Amino acid sequence: TLISFERYCIDKDLIDLIIWYDDNSTSEDRLEMLKTLLSIFKNKKIITNFFSENSFNTKKRHKEIMNLWKTDITNLSLDYVFHTEEDFEYVSEFSVSEAIEFLKNKEDVAMIGFSQEKREIPKEVGEINIQGNYWEWFYVKDRPILDHLFLDTVIMRKHPDPSYWCKYIN
């Protein structure tokens, strides 16, 4: 994730705070990640929050961590948040400042993604709205959030790895 981020983000120096959450990595892996972060984001403040196997009493660890993340970014009163996870891959050049300008000028847009290529939505499901350099994640208003809309067979052909995210969710 960070290698592809460093390669494709043309204005990463705009990012002035790193909030690093780590779920159950080894000490050695955490040290490697810290070295990588320090090499990419020189002289930037890094806030860490490490979780262990016993940090939660639920099997929904990612949900719990994301709830803590949401609380933390709210308490920090940040204007904008660039969120990435260890399994994101950036595949083309992008600009954080361009995304911020886009968000400032579009009251109806709350989030922009950079790590996913434009999806091919089945015609019977709907059409993707393209605005400038961004495509809108297709959303069906009368279906629940996270509802499975279709199995993305195009992505499955491009990325035969079964761990790749192939279900297109609302």
Side-chain angles (χ1 to χ4, degrees), residues 1-5 8-12 14-15 17-25 49 51 53 55-170:
T1 295
L2 287 176
I3 291 167
S4 66
F5 170 83
Y8 290 114
C9 181
I10 62 172
D11 54 359
K12 63 184 169 294
L14 222 82
I15 298 171
L17 173 66
I18 309 301
I19 304 171
W20 169 26
Y21 280 31
D22 183 282
D23 185 18
N24 220 17
S25 292
N49 201 342
F51 304 99
E53 188 177 327
S55 294
F56 305 101
N57 294 327
T58 178
K59 294 185 189 254
K60 298 180 179 179
R61 296 178 66 81
H62 192 261
K63 176 185 172 212
E64 296 297 328
I65 291 170
M66 293 309 297
N67 283 336
L68 290 170
W69 173 84
K70 183 178 169 185
T71 300
D72 285 350
I73 64 170
T74 301
N75 291 340
L76 288 166
S77 299
L78 304 172
D79 291 327
Y80 296 95
V81 175
F82 181 91
H83 173 85
T84 193
E85 296 191 23
E86 82 281 354
D87 60 349
F88 288 8
E89 180 181 10
Y90 301 93
V91 296
S92 60
E93 195 172 86
F94 67 94
S95 165
V96 173
S97 58
E98 182 182 330
I100 290 171
E101 284 305 311
F102 184 84
L103 288 168
K104 284 180 182 177
N105 295 316
K106 295 294 241 172
E107 288 291 319
D108 61 333
V109 177
M111 181 175 85
I112 293 177
F114 300 101
S115 67
Q116 301 245 350
E117 58 194 275
K118 187 180 90 164
R119 298 298 180 96
E120 296 180 32
I121 308 295
K123 288 184 178 161
E124 64 272 13
V125 175
E127 282 187 41
I128 288 182
N129 179 20
I130 298 175
Q131 298 185 29
N133 292 327
Y134 305 102
W135 60 276
E136 184 177 324
W137 188 267
F138 184 77
Y139 174 74
V140 180
K141 291 182 178 159
D142 60 347
R143 301 259 310 257
I145 296 280
L146 301 180
D147 194 19
H148 173 216
L149 296 180
F150 64 91
L151 192 60
D152 194 332
T153 56
V154 174
I155 290 292
M156 291 171 71
R157 283 192 301 277
K158 289 180 182 176
H159 305 280
D161 178 353
S163 68
Y164 200 85
W165 195 280
C166 296
K167 290 182 179 175
Y168 191 99
I169 59 172
N170 209 21

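Bear in mind the structure is a predicted one, so any value in this text is a computation, not a measurement. What you see below is based on every heavy atom in this structure, not just the backbone, and it leaves out hydrogens, waters and symmetry mates. We count residues from 1, following the sequence as given.
- Between F88 and H83, the two ring planes are perpendicular [angle over 60°; tilted spans 30° to 60°].
- Rounded to the nearest 0.5 angstrom, D23 CG and F56 CZ are separated by 6.5 Å.
- The structure places CG of D79 at 11.5 Å from CG of L103, a figure rounded to the nearest 0.5 Å.
- In the displayed structure, I3 atom CD1 is contacted under 6.0 Å by at most 12 heavy atoms of other residues, nucleotides or ligands.
- The minimum heavy-atom distance between E86 and T1, with the atom names listed, is O-OG1, 2.7 Å.
- No side-chain heavy atom of K12 sits less than 4.5 Å from a side-chain heavy atom of F82.
- Between the CG atom of L68 and the CD1 atom of I19 there is a distance of 12.0 Å, given to the nearest 0.5 Å.
- Within a 6.0 Å sphere centred on CD of E107, other residues, nucleotides and ligands contribute 12 heavy atoms or fewer.
- I18 CD1 to T84 OG1: the interatomic distance, rounded to the nearest 0.5 Å, is 10.5 Å.
- Between V96 and I100 there is a side-chain heavy-atom pair separated by less than 4.5 Å.
- No side-chain heavy atom of F51 sits less than 4.5 Å from a side-chain heavy atom of E64.
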Criterion side chain to side chain contact (heavy atoms under 4.5 Å, CB included) on F94 and I112, from CA distance to verdict: CA-CA 11 Å; F94 67 94; I112 293 177; over 6 Å; no
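- Of all heavy-atom pairs spanning D11 and S95, the tightest one is OD2-OG, 3.0 Å.
- W69 has its side chain within reach of V81: a pair of non-hydrogen atoms, C-beta onward, lies under 4.5 Å apart.
- Considering every non-hydrogen atom in both I15 and F5, the closest pair reads CD1-CZ, 3.7 Å.
- Note that OG of S55 and CD1 of I65 are 7.5 Å apart. Values are rounded to the nearest 0.5 Å.
- The distance from atom OG1 of T71 to atom CG of L76, rounded to the nearest 0.5 Å, is 11.0 Å.
- Between E53 and R61 the shortest heavy-atom distance is O-NH1, 3.3 Å.
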